Each structure stands twice: as C-alpha cells, then as structure tokens.
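Right, one structure below, let's go through it.
Quick caveat, the model's predicted, so the values are computed rather than measured.
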Amino acid sequence: MPHALITGASRGIGLALTEAFAERGWSVTATCRSPDAAQDLRALAKTHAGLIEIEALDVSDFAAVGALADRTAGRPIDALINNAGIAWRDARLGALDYEAWRRVMDVNLMAPMRMAEAFVEHVAAGEHRKIVSISSSLGSIKAATNGNYFYRTSKAALNMAMRSLAGDLKERGIIVSLLSPGFVDTDFTRAAAGGPPRISARESGQGLADAVIALTPEDSGTFKRFNGQPIDW
C-alpha cells in the first residue's frame with residue numbers, strides 16, 4: 001500500500017488531499033499543529049479507519065520535524081506533500097512588518113526544505129519516490145504584479161528551492177515537483193477582489209492527488225496547476 005505524508009492536513013486543501021489519497025487506497029500520515037482541535041480531520045480518520053493516522057507537527061519547529069523523522073525511520077514514504085503554509089496581507093509600502101515577513105518565509109520556504117531534508121531517506125525507500133510542494137501562481141515572476149510581497153516572495157523562493165532540489169535528487173530517482181492548487185474558495189481568497197472563478201477545496205484536492213500520482217521522472221523540477229497544465233514561472 002503506498003503511503004503519503006501530508007503537512008497542514010487539518011483543513012482546506014490539506015484535508016481535501018488527505019481524503020483524496022485515502023479514497024484512492026493510500027495510507028496517509030496527516031500532520032497538523034493541534035490534532036485535538038482538528039475535528040474534521042479526526043472525523044475523516046474515523047471514516048477511513050486504518051488508512052489515516054494523525055501526527056502533531058508544527059512545520060516551523062525544525063526540532064519537531066527531525067524528531068518525527070527519527071521516530072518514523074525505516075517507514076517508506078511514497079509521496080511527501082508539503083502543503084502547510086500561511087498567507088499574510090501586507091501593510092502598505094512604507095509600513096511593512098518585517099517580522100511577519102520572516103514568519104511567512106519560515107513557514108512557506110524554510111519548512112518545506114527542512115521536511116525534504118528530514119524525510120529524504122523515507123522517500124528514497126518508497127516505490128513512488130516523490131516530494132511535492134504546494135505553491136502558487138502568485139510566485140510566478142513572469143506573472144508578477146504589485147504588492148503582496150510576503151506571500152509572493154515566499155512562493156517564488158520555494159519554487160527556486162524545489163527546482164534546485166530536483167537537480168540534487170535526480171540521481172536518486174526522487175521526483176521533486178511543484179503544484180498549484182488553483183484559486184480555492186477560502187477565507188483568504190474571499191477577501192480578494194477579482195481573480196479567476198474559485199473552486200472548492202475538494203475539487204482542488206482531487207485534482208492534486210491525481211496530479212501527484214501521475215508525476216513521472218520527466219516532471220521533476222516542473223511547476224504545474226492541479227489540472228496538469230504547466231505554469232510559466
């Protein structure tokens with residue numbers, strides 16, 4: 001049975017991804033910061049008994065990441081999915097909160113790299129051997145507009161880091177890829193004006209799961225939408 005480790009699995013896209021993989025017969029280690037408060041995730045684990053296990057993890061706590069990797073040493077991971085992330089609506093130029101910016105970079109960039117480093121041997125022992133980070137088209141330099149400095153720069157940096165990681169892990173047969181979930185209907189996107197039509201977290205999660213499973217070595221280092229379309233980044 002293939003196995004996925006998904007971060008930020010308590011709600012939204014992470015919850016939908018967990019459900020999608022369980023529906024496809026995968027076992028899932030679903031991590032979140034507060035399992036006791038993750039009622040939807042706990043209910044999902046009961047629905048898919050024996051397929052979903054929940055682990056407490058704050059991905060920005062690098063010691064905790066290492067501890068989880070040590071505790072699960074020897075357990076293969078077919079797909080490590082870095083989904084945990086935060087968004088932040090910046091103040092206007094001239095009043096930027098640089099500590100908040102640092103926090104966004106810690107969670108959206110540093111944490112996925114720490115996860116990849118900590119669990120690379122788990123992934124190498126799997127059959128599928130995939131590391132996938134959930135990014136955003138807002139990290140595309142090609143399509144950049146104005147504002148939203150914190151989130152845009154964190155995702156652009158994540159894209160570059162994962163592109164470099166793909167090269168480093170190529171010889172080990174590990175596929176490293178970036179996927180965009182689309183414009184998902186969340187509290188954050190509801191506050192944004194305009195943009196493409198919003199999709200449900202379930203639609204995004206189903207598409208992302210299919211995209212992860214379909215990844216081939218030729219896709220390593222690429223950035224695609226949840227529906228498989230490439231992103232100009």
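- In terms of modelled atom types and a separation under 3.5 Å, the side chain of His128 and the main chain of Pro2 share no donor-acceptor contact.
- Annotation for Met110: atom CE does not count as buried by contact number, only 12 or fewer foreign heavy atoms lying within 6.0 Å.
- The two residues Met115 and Leu5 come nearest to each other via the heavy atoms CE-CD2, 3.8 Å.
- Taking each heavy atom of Leu208 and Ile13 in turn, the nearest pair found is CD1-CG2, 3.6 Å.
- Minimum heavy-atom separation, Pro112 to Ser133: CB-OG, 4.1 Å.
- Using a distance-only test at 3.5 Å, with no hydrogens or angles considered, no donor-acceptor pair links the side chain of Arg152 to the main chain of Tyr149.
- A side-chain donor-acceptor contact under 3.5 Å links Glu53 and Thr29.
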**OP:** Walk me through it: do Glu121 and Arg172 pass the test salt bridge (charged side-chain N to carboxylate O under 4.0 Å, His left out)?
**Re:** CA-CA 10 Å; Glu121 297 303 329; Arg172 301 194 66 181; 3.0 Å; yes
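- In terms of the side chain to side chain contact (heavy atoms under 4.5 Å, CB included) criterion, residue partners of Asp40 (sequence neighbours excluded) are, by chain and number, Leu15.
- Pairing each heavy atom of Asn108 with each of Gly85, the nearest pair is OD1-CA, 3.2 Å.
- There is no side-chain donor-acceptor pair under 3.5 Å between Trp88 and Ser154.
- Residues Ile141 and Leu109 do not share a hydrophobic cluster, defined by chaining ILVMFWY side chains whose heavy atoms lie under 4.5 Å apart.
- For Arg24, the CZ atom sits in a packed shell: over 12 heavy atoms of surrounding residues, nucleotides or ligands are nearer than 6.0 Å.
- Side chain of Ser204 to backbone of Gly182: no donor-acceptor contact under 3.5 angstrom is found.
- Checking side-chain atoms of His3 against main-chain N and O of Ala79 turns up no donor-acceptor pair under 3.5 Å.
- Side chain to side chain, Ser135 and Asn159 meet the donor-acceptor criterion of an N or O pair below 3.5 Å.
- Between the side chains of Gln206 and Glu23, a donor-acceptor pair is found at a separation under 3.5 Å.
- Across Pro217 and Ile175, no two heavy atoms sit closer than the pair N-CD1, 3.6 Å.
- In terms of modelled atom types and a separation under 3.5 Å, the side chain of Ser34 and the main chain of Asp36 share no donor-acceptor contact.
- Judged by distance alone, the side chain of Asp78 and the main-chain N or O of Arg129 form no donor-acceptor pair under 3.5 Å.
- Thr7 approaches Thr31 most closely through the heavy-atom pair CA-OG1, 3.1 Å.
- Side-chain polar atoms of Arg103 and Ser60 form a donor-acceptor pair below 3.5 angstrom.
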Please tabulate, for the side chains in residues 222-233, all donor-acceptor contacts under 3.5 angstrom to protein atoms that are two or more places apart in sequence or on a different chain.
residue : atom : partner : partner atom : Å
Thr222  : OG1  : Asp219  : O            : 2.5
Lys224  : NZ   : Asp219  : OD1          : 2.8
Asn227  : OD1  : Gln229  : N            : 3.2

